[in-house]
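Below: the structure, in structure tokens.
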Protein chains: 2
Amino acid sequence: MAFKSDIEIAREANKKPIQEIGDRLGIPTEHLLPYGHDKAKISQPFIDSVQDRKDGKLILVTAINPTPAGEGKTTTTVGLGDGLNKIGKNAMICIREASLGPNFGMKGGAAGGGKAQVVPMEDMNLHFTGDFHAITSAHSLLSAMIDNHIYWGNECDIDLRRVAWRRVVDMNDRALRNVALSLGGVANGFPREGGFDITVASEVMAILCLAKNLKDLEQRLGDMIVAYRRDKSPVFCRDIKAEGAMTVLLKDAMQPNLVQTLENNPAFVHGGPFANIAHGCNSVIATSTALKLADYVVTEAGFGADLGAEKFMDIKCRKAGLRPDAVVIVATVRAMKMNGGVAKADLGAENVQAVKDGCPNLGRHIENMKKFGVPAVVGINHFVTDTDAEVQAVMDFCASLGVEAILNKHWEFGGEGITETAKKVVELCESGEADYHPLYGDDMSLADKIETVCKEIYRADSVVMDNKIRAQLKDWEDQGYGHLPVCLAKTQYSFTTDPTMRGAPTGFDIPVREVRISAGAGFIVVVCGEIMTMPGLPRTPAAESIHLNEDGLIEGLF
Amino acid sequence: MAFKSDIEIAREANKKPIQEIGDRLGIPTEHLLPYGHDKAKISQPFIDSVQDRKDGKLILVTAINPTPAGEGKTTTTVGLGDGLNKIGKNAMICIREASLGPNFGMKGGAAGGGKAQVVPMEDMNLHFTGDFHAITSAHSLLSAMIDNHIYWGNECDIDLRRVAWRRVVDMNDRALRNVALSLGGVANGFPREGGFDITVASEVMAILCLAKNLKDLEQRLGDMIVAYRRDKSPVFCRDIKAEGAMTVLLKDAMQPNLVQTLENNPAFVHGGPFANIAHGCNSVIATSTALKLADYVVTEAGFGADLGAEKFMDIKCRKAGLRPDAVVIVATVRAMKMNGGVAKADLGAENVQAVKDGCPNLGRHIENMKKFGVPAVVGINHFVTDTDAEVQAVMDFCASLGVEAILNKHWEFGGEGITETAKKVVELCESGEADYHPLYGDDMSLADKIETVCKEIYRADSVVMDNKIRAQLKDWEDQGYGHLPVCLAKTQYSFTTDPTMRGAPTGFDIPVREVRISAGAGFIVVVCGEIMTMPGLPRTPAAESIHLNEDGLIEGLF
């Protein structure tokens, strides 16, 4: 049986004019700002006008630790949104935007897959509505203003060696990771070391995704620490007077983007912070606006539940006052087998024992979700090679933990293939069972917050932090940052910091290599292991074969 | 008498939905791609579909050498478009897009002024429809691919010291003018010197503005020289295999942007190459499409007629097969007085003699336009301080050269204030008088082309080029680039290379400092004097006071 590719299915989509999708959400024409005929932004005045409405129910889709087998978290998010509409509910989805640069390294990521996709897929993987370009511009303006400040006399007394603000570009460009700036003589400034990250790693991105409105955005931008003086006191973005102009550059980007699923259901695609050094969720403004427009809102968080769901709960929900009603944990039989020790090449053969051996990874994520007080259901994303016995093994395992696991076939059948999970999600949402609370309180010490995540979520025996790091955390507490949540950056492939340790490892420590403060976004970044904030291109980048064909269609991007 | 500011007038504009403007041009809804409700792009298939139509008449608006007094070239372009519509003609205008970065240094430039403006002014000075961001992305992709090529083995044998491709960013960031790249160890590549220009200086921008269609765009991108080997042989963009992916990134940016004047007449605002190291005109695709949609198309070129009009005629028209029918040379009484030696502070007082003394600057531009075979009229852009005697002095001077000069009041009255010039332009267009030809033929040697422009247009006694430069020109001729036109980069303030030499100087030489090749855009850049391709921010950048006010309106940008 030959399946069509994602891009083939996306191109055959029977898209409705975006105004029709907006009509369904009750957005008047003047408040729906079209970008072509299949994308639109929602105006700020309209968003302001719906603030008094009652919130719908919020459902988080998360997953086991990712494996090369693929889990289908976004596919499930899109499918579940369609499934909820299919059973007669007024539902919409909220997902992240894709970063442009990486698509030219490896082939681009779709927004979902099979019959569960958001369209227009090509635009969403290219410039889309320009949000990331606006973020790059705002970030670059501040970069230029910092060096300009130094150039014209350095009134703020910035220590050239302690400029914390790196530049960004939305391209995989390893040559920019470490650069020497301001060379070439007096007219070009004071030479110093610097470097570039990819745009999604910008604190501006994290702020855009956490800000409640434009005023909050400007406040947070002003709060960012951009450099330190020789006495190590911080210099803020506000001291450089950049936050007003940055807000002007970001005012359109703050408006959520409306697109549609293949089944013509509404989807907000907005924001896309890194899921390691940032919190990895779509924007608060998109999610909170969706909750005013739909009865059920399905969203997702980056990576597995140890990183993504934890940050969704402890950073996004805590800060935005969101209270999730249900969690769907995505797993696949194939990924269970990899967690059970099977190599990728051998995934095709039935292996019930390996499925059983891999299930503890899923089990730990199930237990973790309970710690946030939100009821969960497991969504098994069906692959055609799965056998009944393998699927049953996952279901039996989940049942032993008191959680239902349901087989979903949205990839093949769209919303129709996931109605059972949709009904279960409605049941969980309406049960009143949810009693969301973050894992730790605001007033716990920063070191204890780190320890709590590492022990409660990752199940580490201990956290290894040297005195310098502990002193830094203490300094931040003294400066009034002690109430911030922590944002751990570690590999997404394992509960540990070793990406090869699948399953549910025990008997390990989490070493903290470095801590950073994102004072505007409002979290402490805790770096555990190697984190790459500027990817490189591979030997043969996808860009080499990307082109427009004779029909004007894009080849090689997917 | 208190006049409203440009931004106040723009904000009070009675804009029509952009679809109505498109309707007037006969663009079907599905081919008009809206960006919000007041901007749109025109689809490529629609552009293809009108290619067999007859062309309208093409009118170039140019000016005397700019002075701090302000000439109002764009204001006249917009006003003349409105004036032509006012007298019952089907007319549209084509102007350039603004660069984002410089607006954060000095206050932003409007698109016209007074009652002769294009709207939405704020969007046009910020992200607009994202064209410049797309150019930055395409440029940055090639930048990353070049260093990636070197990193993975340097199959093309690029000499690290001879990478000609600089990076770009659309921000005034002097710290990036000269940088050392790829520092920090083996994983980051081979250290080398590099630097950034502002996006409008990118050859990609020049190419986007000269390409006839997407196929031509891809071809020209591939033709760009990005580096040289140790034997000085060129390495092309094509060798790096970047042109296909760059074209994909630029496919939307290639579509002209439709907006409207304050009088609801259609305007294409598309492209914006530098007018020194590039040709300084809006895109060929916008101009040639406008000629299919309107009977009269009014366009402009950067700086004064010595740089802008010369390049419009010798580069844009030559390459695109455009045949202009009339030229309007903009002058003001105030600028004539400055050319006649009056300081800016003293411009308020009547000074007929100074007007007469300054007129030779205008006279030389009038003579120059005749050399291209296109009939001209002088448009005097009225200022309220002008006296009748001063205006008459300009008119008398022009009459002595056999050219009519007409007083225009479009700034105060819109199209109604410039109908006399509009009628004169129609008369010139319909007279059949125009017999456009470039200043020099394709087969003249490159050195002779440079000499021809310097002597015929600038009136220099001679061109000073050392042997190294002459040898380089000869090399390019041997490599098959001898047929290219030349693009001179010098100060816009004078016919000479000394910006303080106003009026119509004689007895000077033009020293050529450097020559470069833009093999994709298709011209030889001849640098005469200091040319800045990456501006810096001033001591107190405009950005410091730009912000959103309580009503969500932008303050400080204009």
Proximal component of B:Leu548, with respect to chain A [non-hydrogen, under 4.5 Å]: both
Tell me whether B:Asp239 contacts the main-chain N or O of B:Val235 through its side chain, where contact means a donor paired with an acceptor under 3.5 Å. no
Among A:Pro34, A:Gly36, A:Gly195, which residue forms the greatest number of heavy-atom pairs with chain B at distances under 4.5 Å? A:Pro34
Between B:Gly189, B:Ala543, B:Gly184, B:Ser545, which residue shows the highest count of heavy-atom pairs closer than 4.5 Å to chain A? B:Ala543
Quick one: pull up OG1 in A:Thr29 and CD in A:Gln19 and give me the separation to the nearest 0.5 Å. 4.0 Å
Between A:Asn172, A:Thr540, A:Asp147, A:Val179, which residue shows the highest count of heavy-atom pairs closer than 4.5 Å to chain B? A:Val179
Out of curiosity, A:Phe128 CZ to A:Ser99 OG, how far, rounded to the nearest 0.5 Å? 13.5 Å
Which heavy atom of A:Ile240 sits nearest to which heavy atom of A:Met145, and what is that distance? O-CE, 3.5 Å
Does any backbone or side-chain atom of B:Pro538 lie under 4.5 Å from a heavy atom of chain A? Answer side chain, backbone, both or neither. backbone
Is a donor on one side and an acceptor on the other found under 3.5 Å between the side chain of A:Trp165 and the backbone of A:Cys237? no
A:Glu193 CD: over 12 foreign heavy atoms closer than 6.0 Å: no
Below 4.5 Å from any heavy atom of chain A, which atoms of B:Ala242 appear? Answer side chain, backbone, both or neither. neither
Region of B:Leu557 that comes under 4.5 Å of a non-hydrogen atom in chain A: neither
Who among B:Lys241, B:Arg174, B:His547 has the most heavy-atom pairs with chain A under 4.5 Å? B:Arg174
Contact class of B:Thr129 relative to chain A, heavy atoms under 4.5 angstrom: neither
Report which part of B:Lys39 has an atom under 4.5 Å of a heavy atom belonging to chain A: side chain, backbone, both, or neither. neither
Which region of B:Arg192, side chain (C-beta onward) or backbone (N, CA, C, O), has a non-hydrogen atom less than 4.5 Å from a non-hydrogen atom of chain A, or is it both or neither? neither
Would you call the rings of A:His127 and A:His133 parallel, tilted or perpendicular, taking 30° and 60° as the class edges? tilted
Region of B:Met171 in contact with chain A, defined by heavy-atom distances below 4.5 Å: side chain
Counting heavy-atom pairs under 4.5 angstrom with chain B, the leader among A:Val248, A:Asn188, A:Leu181, A:Leu141 is A:Asn188
The interface call for B:Glu550 against chain A, heavy-atom contacts under 4.5 Å, is side chain
For B:Tyr151, is it the side chain, the backbone, both or neither that has a heavy atom under 4.5 Å from a heavy atom of chain A? side chain
What residue, out of A:Glu243, A:Glu544, A:Arg539, has the most heavy-atom pairs lying under 4.5 Å from chain B? A:Arg539
Relative to chain A, which segment of B:Ser43 carries a heavy atom at a distance below 4.5 Å: side chain, backbone, both, or neither? neither
Separation between CD1 of A:Ile554 and NZ of B:Lys251, rounded to the nearest 0.5 Å: 4.5 Å
Could you check which of A:Gly556, A:Ser137, A:Gly536 has the highest count of heavy-atom pairs closer than 4.5 Å to chain B? A:Ser137
Between chain A and each of B:Leu32, B:Asp170, B:Ile150, count heavy-atom pairs under 4.5 Å; write down the option with the most. B:Leu32
Tell me, for B:Lys41 versus chain A, whether the close heavy atoms (under 4.5 Å) come from the side chain, the backbone, both or neither. neither
Between B:Asn148, B:Leu100, B:Leu33, B:Ile546, the one whose heavy-atom pairs under 4.5 Å with chain A are most numerous: B:Asn148
B:Val259 versus B:Pro120, closest heavy-atom pair with distance: CG1-CD, 3.9 Å
Nearest non-hydrogen partners of A:Leu183 and A:Pro191, listed with the distance: CD2-CB, 3.9 Å
For A:Phe104 and B:Leu249, what are the C-alpha separation, side-chain angles and deciding distance, and is it a side chain to side chain contact (heavy atoms under 4.5 Å, CB included)? CA-CA 10 Å; A:Phe104 296 91; B:Leu249 281 167; 3.6 Å; yes
Has A:Glu30 got more than 12 heavy atoms of other residues, nucleotides or ligands less than 6.0 Å from its CD? yes
Has A:Gln51 got more than 12 heavy atoms of other residues, nucleotides or ligands less than 6.0 Å from its CD? yes
For each of B:Asp123, B:Leu176, B:Leu126, tally heavy-atom pairs with chain A at distances under 4.5 Å, and name the one with the top tally. B:Leu176
Looking only at B:Ala134, B:Ser143, B:Ala542, most heavy-atom pairs under 4.5 Å shared with chain A are made by B:Ala134
Interatomic distance, A:Arg166 atom CZ to A:His139 atom NE2 [nearest 0.5 angstrom]: 9.0 Å
